[in-house]
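The structure appears below as structure tokens.
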Amino acid sequence: MIQRDSIDKSEKVPPSPVADEKQTVVDSEAASVVDTLQGDEALHLVGRERTAQFSEEYNRKLRKKLDFIIPPLCAAVYFTQFLDKTSLNYARQVSCHFYRFLFWEFPTVYISQKLRVAKYLGGNIIVWGAILMLHAATTSFGGFFALRFLLGMCESCVAPILILIISMFYKKDEQASRISWFYVMVFGGFVAYGISFYDGHALVPYKIIYILLGGLAIVVGLCVLIWLPDSPVHARVLTKEERVAALERVRNDQGGTSNRKWKKDQIIEAVCDVRAWLIVLSTLLTSIPNGGLSNFSNLIIKSFGYTSKQTLILSTPGGAVASAMTLFCGWYSDKRDSRMVPIVFALIPTIVGSGMLVGLNGSGNKGALLFAVYLVGTFGSALSIIYAYNASNVSGHTKKNTINAMTLVSFALGNIIGTEIFQPKDAPAYIPAKITILVLLSVQLFICYLLRWINYRLNVRKRALLAAEKARRGWTDEDVQKERERNAFLDLTDKQNMFFIYTM
């Protein structure tokens, strides 16, 4: 079942990419990076040549083991962060939560690349749990503002690190579904609804929420420190043989694993990549509605004539609808090897729902209006697919981190803008805000198909380049596969590596 030449001895990586007559042909800029320091840390464990073969059954069991550890921990982290954000809605507070991304996103991504990512993440979660509990003790806006800013700094590393970990352990056709599991967050409304019945005098309900969520964050942070692996190379939850298998499983995807050196050329490539800016724009267009609806969705439901307690419980089905759409989009994205089409699936119900909210305004039809609110919530699934897009379509560790940071800064900026489209003068219907959401997401439909077309054209160009090189070198199909495997862990960017194929 398992054939292996050497697993216990790591291959010494040659200091140059020129290994034989049939060397890999890459851009001239990449030629200098092929050595032990410049390549992925995976080279120290498996080397450039594939030295072990694992059966499909072995890989299936390994994937199940990974599924039992990584996605649940990632989902717990994201769920904790989600509850923290929505606690502001339930507590009816205003914060500077998203401003921290603009200030701290790039520094935290830089620091995380220099350290063990899971350990850095776990430490940040524990600190944010302590800060969150301190919210219950603050009595001034200044103190609350300062705590929210510090809290945001701790949370800003979450999405980039989770995307990175998923991309290191899972193949491209497995990533979207795993990332979609982060978004199964239906229970926040029930928690707030239960606490809303508390009528004691020791603590007001919103302080109870902060204490409970802070304690939960500390527990999750400890679990991350103990069990979440930093990379396949350092996964203590796996045996050495399983670590090798985990790396060999993703070798053909050309996505690489981890490299702690920041590379200037990869940063330049990231900021000059038109696809990166289209992702930034797409994230912005999605996040503006998110910034408004995450803060004002309960007010919209309440405007239909419901009490505050009824509003809390009636907001929960919207989370169920959004979660179902997220799981479906993740499944479809992996099944069809597509990233942009599932985003369209997520956006269309929101566009329809926004139109219903505008058209039925003042009708008094509570059922139809609630149905429209639930439809509007499906747009959040688009962000999980954008994360999956970054995981599958960007290679080179520094470039991947840079684009993830750009994406999260755009996410923050969109959420900040989103809170401004719901103006008090437009209450309670907020018609201009609903029209704005409808228009923005309609524009995003065009962006999705533009990105899909660009990736298609890039793949055509790469296949033509590979075919020409194959003919020039006289390579057989086996030679091409061998060269593909040799390039997998050289920390090349998606543009430098002609074997990299984009997911559309």
Side-chain angles (χ1 to χ4, degrees), residues 68-93 95 97-98 100-101 108 117-138 143-144 146-162 165-166 178-198 200 202-229 294-295 298 312-313 315-316 318-320 322-323 326 380 384:
F68 184 75
I69 299 167
I70 297 175
L73 284 171
C74 293
V77 172
Y78 215 85
F79 180 59
T80 304
Q81 187 181 43
F82 171 82
L83 286 180
D84 165 46
K85 291 175 184 176
T86 53
S87 69
L88 293 179
N89 198 357
Y90 303 137
R92 302 182 190 179
Q93 302 286 339
S95 77
H97 189 75
F98 289 104
R100 94 285 195 183
F101 281 106
T108 198
V117 289
K119 304 301 178 290
Y120 181 70
L121 174 63
N124 273 274
I125 296 170
I126 292 172
V127 174
W128 111 39
I131 294 173
L132 192 56
M133 296 178 78
L134 287 175
H135 281 57
T138 188
F144 186 85
L147 287 174
R148 292 307 297 179
F149 197 88
L150 292 173
L151 181 71
M153 288 175 63
C154 292
E155 291 187 24
S156 59
C157 68
V158 170
I161 288 179
L162 297 187
I165 288 174
I166 291 296
R178 270 68 186 181
I179 290 176
S180 73
W181 294 353
F182 302 172
Y183 284 76
V184 186
M185 298 168 287
V186 187
F187 310 106
F190 289 118
V191 173
Y193 181 68
I195 293 174
S196 70
F197 283 97
Y198 171 79
L203 289 172
V204 294
Y206 84 85
K207 291 188 176 183
I208 297 176
I209 292 176
Y210 283 131
I211 292 171
L212 288 177
L213 297 188
L216 175 64
I218 291 173
V219 172
V220 170
L222 289 172
C223 292
V224 167
L225 283 176
I226 296 170
W227 288 298
L228 187 64
S294 63
N295 289 286
N298 283 3
L312 288 175
I313 198 65
S315 68
T316 302
S323 296
T326 300
S384 70

Smallest separation among heavy atoms of [X] and [Y], with atom names:
X      : Y      : value
Leu132 : Gly214 : CD2-N, 3.6 Å
Leu73  : Val224 : CD2-N, 4.5 Å
Trp128 : Ala217 : NE1-CB, 3.5 Å
Pro229 : Ile165 : O-CD1, 3.9 Å
Cys157 : Thr108 : CB-OG1, 3.5 Å
Ile211 : Ala136 : CG1-CB, 3.8 Å

Nearest 0.5 angstrom please: [X] [atom1] to [Y] [atom2], how far?
X      : Y      : atom1 : atom2 : result
Ile179 : Thr326 : CD1   : OG1   : 12.0 Å
Ile208 : Leu213 : CD1   : CG    : 11.5 Å
Trp227 : Leu222 : CH2   : CG    : 9.0 Å
Cys223 : Ile126 : SG    : CD1   : 9.5 Å
Ile161 : Leu121 : CD1   : CG    : 5.0 Å
Trp181 : Leu162 : CH2   : CG    : 14.0 Å

**Request:** Can you sort out the partners of Leu134 under side-chain contact (heavy atoms from CB on, under 4.5 Å), two or more places apart, ordered by chain and number?
**Result:** Leu147
**Asked** For Ile226, which residues count as a side-chain contact (heavy atoms from CB on, under 4.5 Å) partner, sequence neighbours excluded?
**Response** none
**Asked** Listed by chain and number, what are the side-chain hydrogen bond (donor to acceptor under 3.5 Å, both in side chains) partners of Ser156, not counting sequence neighbours?
**Response** none
**Prompt:** Between Leu228 and Val77, is any pair of side-chain heavy atoms under 4.5 Å apart?
**Reply:** no
**Message:** Using 30° and 60° as the class boundaries, would you call the ring planes of His135 and Phe144 parallel, tilted or perpendicular?
**Reply:** perpendicular
